[in-house]
Amino acid sequence: MSTKKRKRPDGEATNDLIFSAHAGTNDEVFPYVLSLYVEPGSKVADVTYGKGVFWRRVPEDAYQLLASDLETGVDCRDLPYQDASVDCVVFDPPYMHTPGGTAHVNHQNYEGYYKNNQANSKKKYHEAVLDLYFTAAKEAWRVLREGGVYIVKCQDEVCANRQRLTHVEIINELEQFGFVTEDLFVVVRRGKPGVSRMLTQAHARKNHSYFLVFIKPKGRARWKGVKNRLVIETSHNGKVLPESSTNEGQLVFQFR
Ligand SMILES: C[S@@+](CC[C@H](N)C(=O)[O-])C[C@H]1O[C@@H](n2cnc3c(N)ncnc32)[C@H](O)[C@@H]1O
């Protein structure tokens, strides 16, 4: 019989982990995505910065943030950055078309953002939404360095009574031109969204959206995680804080 001791596997048991599904808002979940995929100090281009909601809970000096938006004159399909010059691109376009009526009032609707015909696309409705995702991804690919991270926000939609799993359509297309799908975070809305005029409910009412994480691969190397992480502390003075805590010193983000 061998007297050799079995080698103890490295690492320790823990459930102090970043999870794939969260009930909350984008600004609550986005720091977790950054923490797992983007090293502090990285150059991050948020190409649909909008009001900067995603960044509300990220310390100002954590990243070199390059914020741009169509509203400030920069089209995500034609970025003013050199090839392979950015570590991470963040993309959160208007992600649904207007189906008519008031069913999606208060949602990010596509036609609302493009009322001045700035979309430059002959496509309509859901196809126009997809077209922007696909074209912007090509530009993100250009500006990302090898090994860089592409974070994409999206939501599925039922369009003309057809179920469109936008996140699947995006994944399929982006993989065609080389991106590796590395992760998927589900953001579930708190509370119950309604519709204004219900006759017969045909499909499940969507109350979730996604952060997709893609890598522009470096050769055949697989993703191994970041060395240095943005740490998210969810407790304060020994008290566990709910994710919904506002930023008055309650959710504390620190470097490890
Ligand atoms: C859902 S909002 C983004 C919200 C943002 N993530 C935040 O945290 O505030 C969508 C944004 O995409 C911008 N947008 C739409 N089309 C664009 C384009 N072609 N290039 C750049 N930005 C675009 C809109 O101006 C709008 O600010």
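Order of listing sets the numbers, starting from 1, for every ligand and every atom in it.
- The residue from S68, P94, P93, C76 that puts a heavy atom closest to atom 18 (C) of ligand 1 is C76.
- Under a 4.0 Å criterion applied to the non-hydrogen atoms of Y49, ligand 1 contributes the atoms 5 (C), 7 (C), 8 (O), 9 (O).
- Across the listed options L70, V90, D78, L70 owns the non-hydrogen atom lying nearest to atom 22 (N) of ligand 1.
- For the 3.5 Å distance criterion, the side chains of N207 and K192 fail to qualify, holding no donor opposite an acceptor.
- With a 4.0 Å cut-off on non-hydrogen atoms, V74 touches ligand 1 through its backbone and not its side chain.
- Remark: ligand 1 and G52 share an N or O pair separated by less than 3.5 Å (distance only, no angle test).
- Listed by number with element, the atoms of ligand 1 under 4.0 angstrom from any heavy atom of E71 are 25 (O).
- Distances from atom 10 (C) of ligand 1 to the heavy atoms of T48, D92, D75 show the closest one on D92.
- Under 4.0 Å from ligand 1, the heavy atoms of V47 that appear belong solely to its backbone.
- A pairwise comparison of heavy atoms in L144 and V149 identifies CD2-O, 3.6 Å as the closest pair.
- Only side-chain heavy atoms of R77 come within less than 4.0 Å of ligand 1; its backbone N, CA, C and O stay farther off.
- Two rings, from F30 and F54, have their centers less than 6.0 Å apart.
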* For S209 and K153, run side chain to side chain donor-acceptor pair (under 3.5 Å): C-alpha distance rounded to whole Å, both residues' side-chain angles, the deciding distance at 0.1 Å, then the answer. => CA-CA 8 Å; S209 57; K153 186 78 211 303; 2.8 Å; yes
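- Of all the heavy atoms of W55, none lies under 4.0 Å from any atom of ligand 1, so neither backbone nor side chain is involved.
- Figure legend: cation-pi geometry between K138 and F177, with NZ or CZ positioned under 6.0 Å from the six-membered ring centre and within 45° of its axis.
- Using a distance-only test at 3.5 Å, with no hydrogens or angles considered, no donor-acceptor pair links the side chain of E169 to the main chain of R164.
- Residues T166 and E157 bring no donor and acceptor atom of their side chains to less than 3.5 Å of each other.
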